[in-house]
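Structure, as structure tokens:
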Protein chains: 2
Amino acid sequence: MAVQLDEIDVRLLRELEADADRPNVELARIVGLSPAATLNRVRRLKESGVIRKIAARLDSAAAGFTLQVYVMVTLARHDEAAENRFNREVAAIDNIIAADGVAGETDALLMIAARDVAELQVVLSRLSTRAGAQRLITLLRLGEIKPSSPLPLRATSVQSRRAS
Amino acid sequence: MAVQLDEIDVRLLRELEADADRPNVELARIVGLSPAATLNRVRRLKESGVIRKIAARLDSAAAGFTLQVYVMVTLARHDEAAENRFNREVAAIDNIIAADGVAGETDALLMIAARDVAELQVVLSRLSTRAGAQRLITLLRLGEIKPSSPLPLRATSVQSRRAS
DNA sequence: GATGAAATAGCATTTGC
DNA sequence: GCAAATGCTATTTCATC
């Protein structure tokens, strides 16, 4: 399941997680390979699915979203129909910028961005009514303690590889 | 504070949030500008801070991190020294891949990636001991309900701009 | 103040090794 | 994985609206 990575792959991934806005030749210099070899490795990492995508990370506040909140959701019911309904509502609400199903204190954790309290209020009430949330716990994001950081990757220890 | 964005900026940002792994000429075609003008706009969006960075998003599971958990932390004390200590510990623990300070049920929300339960256990106990956490609530991430989605940006309504 | 078109320099990508 | 070669792109320049 997990993709095999050697030391160079790990270095490439770390660099790309930190900053993917650089020419391939610079990456090549960093990892000590030729541009062609570097390009091949990056392509393989994309195809293997380890790299999901290359994307811009925006500053929500600078873009006008002064309110960022995490909302923990407990569903009223847990049958498949209720979950599908919830998932559809979550997908349809633009201010929910990401959502994960979780196990523990609650059933789901949502990330929400809003321009003002009124906008947030609309989202929360829609979750309570149409989405079937029984209980909402809201955490107002005050600021960043640790910025989004690279995964602590390690090279896969050397071992013979069976044919796939 | 919030940067002024017109319709073309919004379209550029939406495209770059979804996929920044494309040549500038393609972006130019999408938004209907020349490559030069497109490049200028993207550069300005980076300099203004709306675009924080362009980065690779990895698939944690494919990279070997089968356990992804959110941890809500309540600090034992809230003086500045305790907070600094906590922040330093969080920064030093590689498995914590992001952390936000919050207001509400708890004081902080951490995102953690671990290869196995033993690795997770080390992080949690270090938080309880050295980092000064009084209470930890762990949410095991089961799966994605909604993938990381673009911010619901709107163009700033036309208006005269005062000198900065 | 920003755009478009043309020109240059640099890079991505392929091919053969 | 490397080196060389090709084609395309990024980036600048300058005229223009």
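Chain B approaches DNA chain D within less than 4.0 angstrom (heavy atoms of the protein), and the contacting nucleotides run 5' to 3' from D:dT9 to D:dT12.
Residues forming a side-chain contact (heavy atoms from CB on, under 4.5 Å) with B:Asp94 (at least two apart in sequence, or on another chain): A:Pro152. Residues satisfying the side-chain contact (heavy atoms from CB on, under 4.5 Å) test with A:Glu17, not counting sequence neighbours, are A:Pro150, A:Leu151, A:Leu153, B:Leu58.
Direction change of the helix axis from one end of the helix from C:dG1-D:dC17 to C:dC17-D:dG1 to the other is 40°, with five pairs defining each end axis (rounded to 10°).
Taking atom CZ on B:Arg43 and atom C1' on C:dG1, their separation rounds to 15 Å, with Å as the unit.
Between B:Arg44 and the phosphate of C:dA2, there is a side-chain N or O to OP1/OP2 separation shorter than 4.0 Å.
Looking at B:Lys46, its side chain never comes within 3.5 Å of a backbone N or O of B:Ile51 through a donor-acceptor pair. In this structure, the side chain of A:Thr106 does not engage the main chain of A:Val102 through any donor-acceptor pair within 3.5 Å. At least one donor-acceptor pair closer than 3.5 Å links the side chain of A:Lys146 to the backbone N or O of B:Ala91.
Around atom CZ of A:Arg22, more than 12 heavy atoms belonging to other residues, nucleotides or ligands sit under 6.0 Å away.
Within residues 16-29 of chain A, no residue has a heavy atom under 4.0 Å from DNA chain D. Within a heavy-atom distance below 4.0 Å of DNA chain D, the residues of residues 30-39 of chain A found are A:Leu33, A:Ser34, A:Ala36, A:Ala37.
Salt bridge absent: A:Arg41 and A:Glu15 never bring a charged side-chain N and a carboxylate O closer than 4.0 Å. The pair A:Arg154-B:Glu119 counts as a salt bridge, with a side-chain nitrogen and a carboxylate oxygen less than 4.0 angstrom apart.
For A:Arg57 and A:Ser148, the side-chain atoms include at least one donor-acceptor pair closer than 3.5 Å.
Considering only heavy atoms from C-beta on, B:Val69 stays 4.5 Å or farther from B:Met111 through its side chain. Side-chain contact between B:Leu120 and B:Arg115: absent, with no pair of heavy atoms (C-beta onward) separated by less than 4.5 Å.
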